Amino acid sequence: MDDSSSKKSTPNTGTYDSVSLETAVAERWQNDKTFENSIEQRRNSKPFTFLEGPPTANGKPGIHHVLSRLYKDLVCRWKTMEGHLVERKGGWDTHGLPVEIEVQKQLNLMSNEEIEAYGIEAFNQKCKESVWTYEEAWREMTERMAFWVDMDNPYVTLHDEYIESAWWSLKQMHDKGLLFRGYKVLPYCPQTGTSYSTHEVSLGYKEVAEPAVYIKFQLVDDAASILAWTTTPWTLPGNVGLAVGSNVKYCRVRITEPPSGNWEGRGSSEVGEELILAKDLLSDVLRHQVEVIEEFSGSEIVGKAYHPLFPDAIDRGDSDTAWTVVPADFVTTTDGTGVVHTAVMYGEDDYALGMEVGFPAQHTVGMDGKFISGTHDSLDGRYVKDCDSDIINLLEQNGRLYREHIYTHDYPHCWRTEHPLLYYAMDSWFVRMTAVKDKIIKYNSEVEWAPEWTGTGRVGEWLRNIKDWAISRERYWGTPIPVWICQDCGHEHCIGSIEEMNSMKTDSSPSPKELHRPYVDAVKLHCSNDGCKGEMVREPYVMDCWFDSGCASFAQWHYPFENEDKFKGSFPVDYICEAVDQTRGWFYSLLAVSTTVFDSICYNRCLSLGHILDNEGKKMSKSKGNVVNPWDHFNKEGTDAIRWYMTTQSAPWSPMNFDPKGVRETYAKMFLTLWNVHRFHADYAVLDNFNPNDKSTFVPIGKRSPLDRWILSRISTVAQDYHNQFVSWEFHKAGRDLENFVITDLSNWYVRRSRRRLWDEADSSDKRACQHTLHEVLCTVSKLMAPVSPFMSDRIYHDLTGESVHMADWPLGSSLVEKKLPPQDLNLEQQMSIVRTLTETGRRIRVDSNRRQRLPCQSGWIVGGIDLSAFHSIMAEELNVESLKTEKNLDRFQRVEIAPNHKVLGKKCRADLPKVLSELASADSEKLLDEIEKGNANLAGYDITMDDISLRRVEKEGYAASTFTVENLGDISLVLDMTLNDALLSKGLAREITRRVQSKRKDLDLDLEDTITLTVWLTEESPKLESKDWEYVKSETRASSAELSYSKPSKKADNFEVDGIKLYFSLKANK
RNA sequence: GGGCCCGUGGCUUAGUCUGGUUAGAGCACCCGACUGAUAAUCGGGAGGUCGCCGGUUCAAAUCCGGUCGGGCCCA
């Protein structure tokens, strides 16, 4: 197509069709390589670096992805226009549990056993394929929404290069002593052999009723027992401690009487027995009559030892604290006994407490869910959930059971097998984040967060309670943990590169095909410990996929193995942007990795976006059926409209209630309006052979009309505000201001007031001034909106200049590009603002006074304000007055009233304010004003000055008038003369007729140039029509032949009514 | 259970940090005007206990405490 070349072409501006316009622009971008060129153009300029948070392509892209990609794109386009080199490498997150689950569903593999039976190699191959399921859908969405990113050379977390970089970084942590092995308590299903993420756990909550027990723990040097409560009897063999609240009140009680009434279930207590439990829970727990012997706070029983329930189950080892009472801050008295039974390996709080106080960390339960041999004769080798009742029996036989009861609660179950999950301490590798807590908090404070509270609040709170990062997963599809352990001496070695691995490999080990399981599992290493001849075997884990993406800043470049310059030139990155749910996800993992590996921040600025909700503020979900498909809008209102809507709808960080009707509104208001302004300009530009670059026809701005200079000043002002709002991340306010400018200032005022200027067929300097002005304004508007809505802005700019707006410089300039805005004239802006308020005021006066708009007024007066003589002709036309004058003396039309200034008076009078106000209300205005001027006004004992009041002007009878206040200028009034005479009536009649005839012409679908034959019938009652006014009717309606008649109207004539008089006319096209 | 955010006419929102005139706008609705002006424009109307309760203050949408509802993260 010869038309689509980048040379300036004749614009073909028809009705706005968003989809075909956007498709055509996208095609031009492709042909012209606009994206690539917009980067290359800035090749030697200062970079602004962006890091793409990698999405996973095994799910379909949704509307929320459009939102985050919009804000990524917007900032990158903006910074490019500011002159920066902004490279945008795409990325894909390809590892992780969701991928495995998807494949497990597909292949119906319910457990780790089944996966291994199917074969890890084959399973991972399936995972690798599954990862690209929706790549095409992602590409299509990305292109259609105009997210400019390099998708042809993306980083991919499953590539060996990426994995090698991740290995390298883990080795750095290992060398700094930050990597260690420990346990992490996770919900675990022994049947499938898998632990579950919270997401999966939430799929399987079920209400269950099961026995809960109160256990008596017999103290060593004391006759009393401490009572504790648990809902999981199977964890009791693992008990190694009791936790109390230091400030909780406990008491020692003695049983005085056997229980009265029925005793449910097993358990008992003797009269005289002593028990210890929280004071607040006595009546909830005990079923016996008791006497309270003493009361004390928890801290007083800390350190007391008790006898283990199952003495053989756990080896004390070197623990001083095993089977003693310890303090813990999570203890409450909302349920149980105020004493928490602690089994280190079977609860998260338990484990953390155990580590803190030094309990032995030993399992009593195997990975198969069965008690380990040596726990107890009657329990060994049995599935734990089957033993609950037997354990209770054992405790009863030993006199350790106070009582049991049935407890109903929600408990997580495996969503595949429906078995209850066990909270189980899994072997795990950790990064010791607690060791770098101070650093990471410091680095976090150096990041420019938008909004600020995400950094100080959400992330800050999280970092203050930072925990060691469990980075290993007992899974198959992921970056393998590069840690090998010697089978002989237990020495551990962390591998940091492929080369290192190969150099340590045993001769019999194969070279891995790729850095995934099972290939790397087969690699054995020579032990690196001096003197040891043992063989090292890899730890069978993969890494948390958050670790993968946390490495993106360097792993995307395969640093440090390649691209040192690329990495160094882009670290820390200038900008990242994701939704707020990434605070503990990507935002954290990037910062955690950069802190531990590079001792640095990772990103300078982070925009944290709010979520998209449906139009009722509810979360979008498939089950609710309130999910919005972005293509519904791409295919209707278009990308520009949806991007503009999303930007202007709410602050980027606020949750957005997405309303499809809102997209429609944006389309109709912003884009139709702007398009029609462009069309107005372009159509006349073609007609008049307008050439913006022709110096001979150029009109200097100083020589243009005030209207032109006004709109140029306005765009300049709006542009500066727009830019400032961009800088403070308030894109929504920026967009709303620009939209308001386009609709109100540009279309509704400038273009409306300029239409007649361009109708003039003869060449005139005024016409050319208007065309240059529109050209300049449209160029600036296009540039400003280009980052947000890249299509129409580019189409308009390209029509105007022959170049892409995305190659243009930001009109506000920067340290790299020049500022280029029309001159500002704030006085002129203020004048025009008053002019417009005056014309609106005039219309209101007419409505109030029942004076129709088409009937002119003889005179109008402007009283007060500033000199508006430059606009008298515009105002006279808008107001439909014969002559407009300024008048200094308001007394002719108005009197003065006094109103209180609450703010000032309130400070002065405090509690007496109501009294002062009431005296003011009943005071005589003229007299009070006089006193104020003389300085002796007093109300209710307070001196009153001009600062305490404001003056209000109220119209006298006889004139129709209205007053408004302008800041710093005071009151401005418009007064209209309401008297009538024959000349005014004749003019009014002429306009009335003209309007009806024009309307009829439109009904008949006549072209603008068509002439007509017109007949108008008047009556004796109707006003006289003066001949000059009749000439006006003929010329306005292009009536080449016209007759004014007082006879009886033709039966076919149209009629209308003015002031109760019916008039007739008929017209015929001359064809 | 903990942390962070949000709550203003039917809908979308401004104003909240920094307390002060009658809580401002757009969409939708009603009445009128205007129009060779585009899904337009202008004037007017109706529609608000600013989620709820309490406190501070002469004065609270705004500050403080609590509470309810929504969202996110963590337990």
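Numbers restart at 1 for each chain; the letters A, B, ... are given by sequence-line order, proteins then strands. Only a predicted model underlies this, so the values are computations on that prediction, with no experimental measurement involved.
- Across all strands, R991(A) comes closer than 4.0 Å only to sugar-phosphate atoms, never to a base (heavy-atom distances).
- Looking at heavy-atom distances under 4.0 Å, F680(A) makes no contact with the nucleic acid at all.
- C17(B) and G54(B) have their C1' atoms separated by 23 Å, with the value rounded to a whole Å.
- With sequence neighbours excluded, the residues forming a side chain to side chain contact (heavy atoms under 4.5 Å, CB included) with P856(A) are N880(A), E882(A), L984(A), K987(A), listed by chain and number.
- In summary, the side chains of R836(A) and T839(A) do not present any donor paired with an acceptor at a separation below 3.5 Å, with no hydrogens or angles considered.
- When the C1' atom of C5(B) is taken as reference, atom CH2 of W653(A) falls 13 Å away, rounded to whole Å.
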Please produce a list of atom pairs where a protein N or O lies less than 3.5 Å from an N or O of nucleotides 43-48 of chain B.
unit_1 : atom_1 : unit_2  : atom_2 : d
G43(B) : OP1    : E840(A) : OE1    : 3.3
G44(B) : OP1    : R844(A) : NH1    : 3.4

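- Ranked by how close their nearest RNA chain B nucleotide is to the 5' end, S747(A) and W453(A) are led by W453(A).
- Using a 4.0 Å cut-off between charged nitrogen and carboxylate oxygen, D1054(A) and K1000(A) count as a salt-bridge pair.
- Comparing G71(B), G36(B), C74(B) by their nearest atom to the side chain of R995(A) picks out G36(B).
- Listed by chain and number, the residues in a side chain to side chain contact (heavy atoms under 4.5 Å, CB included) with A876(A) are V881(A) (sequence neighbours excluded).
- Ring-plane geometry between Y588(A) and W462(A) is classed as perpendicular, the angle between the planes exceeding 60 degrees on a 0 to 90 degree scale with a lower cut at 30.
- Distance, L463(A) CG to C4(B) P: 14 Å, rounded to whole Å.
- Here F587(A) and W449(A) bring their ring centres to under 6.0 angstrom of each other.
- Contact of the M978(A) side chain with the C857(A) side chain is registered, since non-hydrogen atoms from C-beta on lie closer than 4.5 Å.
- Of all nucleotides listed (G36(B), C73(B), G15(B)), G15(B) comes nearest to the side chain of K733(A).
- Between the side chains of T744(A) and N740(A), at least one donor N or O lies within less than 3.5 Å of an accepting N or O.
- At C42(B), none of the side-chain N or O atoms of R836(A) fall inside 4.0 Å of OP1 or OP2 (strictly under the cut-off).
- No side-chain N or O of N676(A) forms a donor-acceptor pair with one of T673(A) less than 3.5 Å apart.
- Residue E1036(A) is out of contact with every strand shown, counting any heavy-atom pair closer than 4.0 Å.
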Subject >> Watson-Crick and G-U pairing of RNA chain B written in dot-bracket, each distance under 3.5 angstrom, with | for inter-strand partners >> reply: (((((((..((((......[...)))).(((((.......))))).....(((((..]....)))))))))))).

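- Under 4.0 Å is where a charged nitrogen must lie from a carboxylate oxygen, and between R756(A) and E1036(A) at least one such pair does.
- Between the C1' atom of C74(B) and the CG atom of N465(A) lies a distance of 10 Å, rounded to the nearest Å.
- Between K661(A) and A39(B), a side-chain N or O to OP1/OP2 separation shorter than 4.0 Å is absent.
- Contacts of R664(A) with the nucleic acid, taken as non-hydrogen atoms under 4.0 Å apart, include base atoms.
- Within the 4.0 angstrom heavy-atom criterion, no nucleotide atom of any strand lies near T454(A).
- Distances from the side chain of Y667(A) to the nucleotides G71(B), C11(B), A39(B) place A39(B) closest.
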At a cut-off of 3.5 Å, list every protein nitrogen or oxygen paired with a nitrogen or oxygen from nucleotides 23-30 of chain B, distance to 0.1 Å.
unit_1 : atom_1 : unit_2  : atom_2 : d
G26(B) : O3'    : K669(A) : NZ     : 3.4
G26(B) : O2'    : E665(A) : OE2    : 3.1
C27(B) : OP1    : K669(A) : NZ     : 2.9
C27(B) : O4'    : E665(A) : OE2    : 3.4

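- The distance between atom CZ of R753(A) and atom C1' of C42(B), rounded to the nearest whole Å, is 14 Å.
- Between R795(A) and D799(A) there is a salt bridge, since a side-chain N of the basic residue sits under 4.0 Å from a carboxylate O of the acidic one.
- Annotation: side chain to side chain donor-acceptor pair (under 3.5 Å) contacts of H64(A) (sequence neighbours excluded): none.
- With both ends at atom P, the span from G51(B) to U16(B) equals 15 Å, rounded to whole Å.
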